[in-house]
Every structure is written in structure tokens, then in C-alpha cells.
Amino acid sequence: LDFEEFKDLLSRIDLNLQAFPPTAQVAAQQGKYLADLFAKGLDGKAETLEAAAQNAGPFTYFHKGSLAYLGDGEAAFDLPVLGALTGKLAGVAWKLYETSAQLSWKNRALVGLDWIRSGVFGRDASRI
């Protein structure tokens, strides 16, 4: 591989690069895309994997929205349909979402009860 071939290779790679936000949402969608590709090319041959990639098309990212807890019961949402939402109501929505996103009912109950306890008694554990 000489210098000109290397430059050509880098320029072809650069054409395929897309800037996605560095978030878990992107990583999860990319992982699902790759898992589907690998499942279709299970025989381990490069030709089968390349055919599966051509049939699947390029990776596309669907932005489901962003959320951030700001503290003091406030949060910020950036939803594709509604736009940006901030404030106490967004904080309640964030807590409801985070509680429902727990995998088990036990964890959902523990997280919800922890937020109720911290709302009543505060975060300082020495006062309990």
C-alpha cells in the first residue's frame, strides 16, 4: 500500500463517515443493526456478510429524544415531536420515565420509594 493508495482509502472512508451524537441511544441502534447483519451472515463467509449488508442498506439513526436531570426536581427534555421542555413538570416526567425504565418491579418500587423518601426527608441521610 503506497501513499496514494492510502490517501484514496482514507478519502473513501471519509465519505462513509457520519457524525452521530455520542450517546447510548446511537450505540444501541448500531448494535441492533450489526446483530441483524451478523445473524444473516452466520456461515462466517465474507461474501454472505457483504450480501447481507447490501440487502440491509446503510445504518440509519432515529432520534428518539434526549433528556437530562438538572437537579432540584427539574429536568430538560428534547423530544422530536414536542421540542424542548424544561422545568418541574419535565422533572416529574423524567422521574416517571426513569422509574418505568427499571427492569424489575422490585427496582421500580425501590426507585419510586427512594424519590418519595428523599422528597419528604431530603437527601441528607444523617437526619433520618
For Asp114, salt bridge (charged side-chain N to carboxylate O under 4.0 Å, His left out) partners two or more places apart: Arg117, Arg123

Audit row: Lys64, Gln29, side-chain contact (heavy atoms from CB on, under 4.5 Å) steps and yes/no: CA-CA 11 Å; Lys64 297 177 183 177; Gln29 290 181 26; 3.9 Å; yes

Test item: Leu85 and Leu79 side chains (from C-beta on) under 4.5 Å apart, heavy atoms: yes

Heavy-atom pair with the smallest gap, counting every atom of Asp72 and Lys88: O-NZ, 2.7 Å

Nearest heavy-atom neighbours spanning His63 and Pro80: O-CG, 3.2 Å

Plane angle bin for Phe20 and Phe59 - parallel if under 30°, tilted between 30 and 60°, otherwise perpendicular: perpendicular

Over 12 non-hydrogen atoms of neighbours within 6.0 angstrom of CG in Leu103: no

Close side-chain approach of Ser66 to Thr23, heavy-atom, < 4.5 Å: no

CG on Leu67 to CZ on Phe77, rounded to 0.5 Å: 5.0 Å

Single-linkage hydrophobic cluster Leu34~Val26, side-chain heavy atoms < 4.5 angstrom: yes

Heavy-atom side-chain contact between Tyr69 and Glu98 under 4.5 Å: no

Lys32, NZ: over 12 other non-hydrogen atoms inside 6.0 angstrom: no

Non-hydrogen side-chain atoms of Lys95 and Val111 separated by less than 4.5 Å: no

Connected via hydrophobic side-chain network under 4.5 Å: Leu82 and Tyr97: yes

Student check: side-chain heavy atoms of Pro21 and Tyr61 closer than 4.5 Å: yes

Close side-chain approach of Thr99 to Trp115, heavy-atom, < 4.5 Å: yes

Interatomic spacing from CG in Leu89 to CH2 in Trp94 - rounded to 0.5 Å: 15.0 Å

Within 6.0 Å of CG in Leu96, more than 12 heavy atoms from elsewhere: yes

